[in-house]
*Asks:* 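Before we start, here is the structure in question, set down as structure tokens.
These figures come from a predicted structure and were not determined experimentally. So that the names make sense, note that chain A is the first sequence line, chain B the second, and so on, each numbered from 1.
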Amino acid sequence: MLSTRDLVLCALFAALLAGLGMAPPIPLGFLPVPITAQSLGVMLAGALLGAKRGGLAVLLFVLLVAAGLPLLAGGRGGVGVLMGPTGGFVLAFPVGAFVTGLLAERFATGANPLRLFGTCVVGGVAVVYAGGIPWLSLVAGLPLEKAALGSLAFVPGDLVKAGVAAVAAAAVRRAGVLPAVHA
Amino acid sequence: MLGLYLHRDSAVHRWPAGVKMGGLLAVTAGVMTLPGAWGAALAGALGLGLLAAARLPVGRVLRELRAPVVLLTLLFGFQALLAGTGWAEAAVAVARFAALVLLATLVTLTTRVADMIDLFERVFGLLRPLGVNPAKLALMLALTIRFIPLLAEQVREVRMAQRARGVERSIAALFVPLLVKIFTMADDLAAALEARGYDPADNGR
């Protein structure tokens, strides 16, 4: 059962995702393009809250987007965005956070950034693309391999985000503020 | 929070959220099963009819549709130019989803966020036998809406602190204090909820 603190944490992380979408893109020293951090929030939710609470936090965010709040980066929202070409990626966000959390609970319980990076790449990048690419292929009438090829352009940026999420998650775990992941 | 809802005095606005979302699901299923472009044509006509009936400003609706339309056009262009074959099927797929995205956008623009959230709660209530607690979900959704300005403010604060220290390009300097703050805030907020009589064991029946 979810404790009061769990409810609050899920809501706070869902709000963090929204806040990251509203914040101006963050410039990183080594990247020419500033990153929008929403998918970063997905990985952080999974890595720090675990499968159940992380997935739930991101699900709350997606539900509010579906309800018509303009919370996606660029002020977009509504059912139309979810049914559009990039909707599959957003719909896969909660699953991505869940899988990130599941892997983190098994293989990256400590503050090792490399292990956390691995979980973020699988949950936050691979799973999200596995949802987004078939959807894009269906909506745009593209063969699956072409939809995959077109999405490849975003992989380097997402790998950087996984790295950022891993480093940040490791530092937060070292800070010792985390509740037990195996609650 | 107002969301994308756009108020007009129309019958479409007054239809219950459940009718609109149910209708959208039914039309989606219909469009995907009807052969060829028939479904897309019917759904497109329905969309245009509803657009007129809802008395929404066309410019505003077009603005909502711009991003997906640009992306679909680009994808379709590449497909037609590079592949040469299969573009007829691609045209049907694009037409189908263009019509569906128009209908979905109309649902969003004519339905209040609060009504939509009520609908989600009722739908999740059906999952109660699976251990889903709609009252908790409703509370979390309400809390999230309340926390969004709070978190946006926190993001701004931390970034300002970074700038003051000249570390605005450090990743750790943004996310670590932000996340640590979230975890400590959670303790206080949970205590505040329980101090006001919230009982997590109450299943909301």
Side-chain angles (χ1 to χ4, degrees), chain A residues 1-5 7-16 18-20 22-23 26-29 40 44 48 56 60-61 63-64 66-71 74 76-86 136 138-143 146 150 164-165 167-169 171-172 175 177-179, chain B residues 1 3-5 24 64-65 67-68 71-72 75-76 79 86 89-94 97 100-101 104-105 107-108 111 113 116-117 120 136 139-141 143-145 147-148 150-152 154-156 159 169 171-172 174-176 179-180 182-187 189-190 193-194 198 200-201:
Chain A
M1 196 194 68
L2 292 171
S3 71
T4 310
R5 191 167 188 274
L7 301 185
V8 171
L9 268 178
C10 289
L12 279 170
F13 266 79
L16 173 69
L20 290 176
M22 282 176 206
I26 300 148
L28 291 181
L40 192 60
L44 284 171
L48 292 173
L56 188 57
L60 290 173
F61 171 76
L63 282 176
L64 289 176
L69 289 178
L71 299 181
R76 293 170 312 131
V79 223
V81 177
L82 298 181
M83 291 185 86
T86 54
L136 178 64
L138 180 72
V139 173
L142 282 170
K146 288 226 179 63
V164 174
V167 170
V172 173
V177 286
L178 237 60
Chain B
M1 246 186 152
L4 298 163
Y5 174 76
L24 183 63
E64 290 299 322
L65 293 173
L71 187 55
L72 280 177
L75 287 169
F76 179 68
Q79 169 89 335
E89 292 99 89
V92 170
V94 169
F97 275 92
L100 291 175
V101 168
T105 304
V107 170
T108 295
T111 313
V113 173
M116 207 66 118
I117 290 177
F120 292 160
K136 272 189 181 165
L139 176 66
M140 281 189 285
L141 286 170
L143 285 175
T144 305
I145 292 176
F147 291 161
I148 288 170
L150 202 67
L151 261 291
Q154 296 288 343
V155 171
R156 242 193 324 274
R159 291 188 70 176
R169 284 178 183 269
I171 311 147
L174 170 61
F175 282 102
V176 178
L179 290 164
V180 169
I182 287 179
F183 280 104
T184 48
M185 269 160 71
D187 289 329
L189 291 166
L193 269 177
E194 288 183 352
Y198 177 72

*Asks:* Do you know the tightest heavy-atom contact between A/Ala66 and B/Met116?
*Replies:* O-CE, 4.0 Å
*Asks:* Quick check: closest heavy atoms across B/Leu179 and A/Ala168, and the distance to 0.1 Å?
*Replies:*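 Scanning both residues, the minimum pair turns out to be CD1-CB, 4.4 Å.
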*Asks:* Looking only at heavy atoms and a cut-off of under 4.5 Å, which of A/Gly84, A/Gly78, A/Pro85 has the most pairs with chain B?
*Replies:* A/Pro85
*Asks:* Select one option (side chain, backbone, both, neither) describing which atoms of B/Leu71 are under 4.5 Å from chain A's heavy atoms.
*Replies:*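 B/Leu71 touches chain A through side-chain heavy atoms alone.
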*Asks:* Examine whether an atom of B/Leu24 lies under 4.5 Å from a heavy atom of chain A, and if so say whether it belongs to the side chain, the backbone or both; otherwise answer neither.
*Replies:*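 Side chain only.
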*Asks:* In Å, rounded to the nearest 0.5 Å, how long is the span from CE of B/Met140 to CG of A/Leu60?
*Replies:*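 Those atoms lie 5.0 Å apart.
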*Asks:* Measure the spacing between CG of B/Leu72 and CG of A/Leu142 and express it to the nearest 0.5 Å.
*Replies:*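 The distance works out to 9.0 Å.
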*Asks:* Do B/Lys136 side-chain atoms and A/Leu7 backbone N/O form a donor-acceptor pair below 3.5 Å?
*Replies:* no
*Asks:* Can you name the closest pair of heavy atoms from B/Thr144 and A/Ala15 and give their distance?
*Replies:* CG2-N, 3.7 Å
*Asks:* Looking only at heavy atoms, which two atoms of B/Phe97 and A/Leu138 are closest? And how far apart?
*Replies:* CE1-O, 3.8 Å
*Asks:* Between B/Leu65, B/Val107, B/Val92, B/Val101, which residue shows the highest count of heavy-atom pairs closer than 4.5 Å to chain A?
*Replies:*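 Counting heavy-atom pairs under 4.5 Å, the top option is B/Val101.
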*Asks:* Given heavy-atom pairs under 4.5 angstrom as the criterion, report whether the side chain, backbone, both or neither of A/Leu56 touches chain B.
*Replies:*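 Interface part for A/Leu56: side chain.
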*Asks:* Under 4.5 Å from any heavy atom of chain B, what part of A/Phe13 do you find: side chain, backbone, both or neither?
*Replies:* side chain
*Asks:* Answer yes or no: is there a side-chain heavy-atom contact under 4.5 Å between A/Val172 and B/Phe175?
*Replies:* no
*Asks:* Let me know if A/Ala14 has heavy atoms under 4.5 Å from chain B in its side chain, its backbone, both or neither.
*Replies:* both
*Asks:* Could you check whether any side-chain heavy atom of A/Leu69 comes within less than 4.5 Å of a side-chain heavy atom of B/Leu4, counting everything from C-beta outward?
*Replies:*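 A/Leu69 vs B/Leu4: side chains apart.
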*Asks:* What pair of heavy atoms forms the shortest contact from B/Phe120 to A/Leu63, and how long is it?
*Replies:*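 It is CE1-O, 3.2 Å.
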*Asks:* Could you measure the distance from the CG atom of A/Leu12 to the CG atom of B/Leu189? Nearest 0.5 Å is fine.
*Replies:*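 If we round to the nearest 0.5 Å, A/Leu12:CG and B/Leu189:CG are 6.0 Å apart.
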*Asks:* Tell me, do B/Leu100 and A/Val139 make a side-chain contact under 4.5 Å, heavy atoms counted?
*Replies:* no
*Asks:* I'd like to know if the side chain of B/Thr108 reaches the main chain of A/Val79, judged simply by a donor and an acceptor atom lying under 3.5 Å from each other, with no hydrogens or angles considered.
*Replies:*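 Here the side-chain-to-backbone pair exists.
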*Asks:* Could you look at B/Leu141 and say if it's the side chain, the backbone, both or neither that has a heavy atom under 4.5 Å from chain A?
*Replies:*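 B/Leu141 touches chain A through backbone and side-chain heavy atoms alike.
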*Asks:* So do the side chains of A/Leu64 and B/Ile117 get within less than 4.5 Å of each other, counting heavy atoms only?
*Replies:*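 Of all side-chain heavy-atom pairs linking B/Ile117 with A/Leu64, at least one is under 4.5 Å.
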*Asks:* Is any side-chain heavy atom of A/Met83 closer than 4.5 Å to a side-chain heavy atom of B/Thr105?
*Replies:* no
*Asks:* So B/Phe147 and A/Val8, do their side chains get closer than 4.5 Å, heavy atoms only?
*Replies:* yes
*Asks:* What are the two closest heavy atoms between B/Ala93 and A/Ala140, and how far apart are they?
*Replies:*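 B/Ala93 and A/Ala140 have their closest heavy atoms at CB-C, 4.1 Å.
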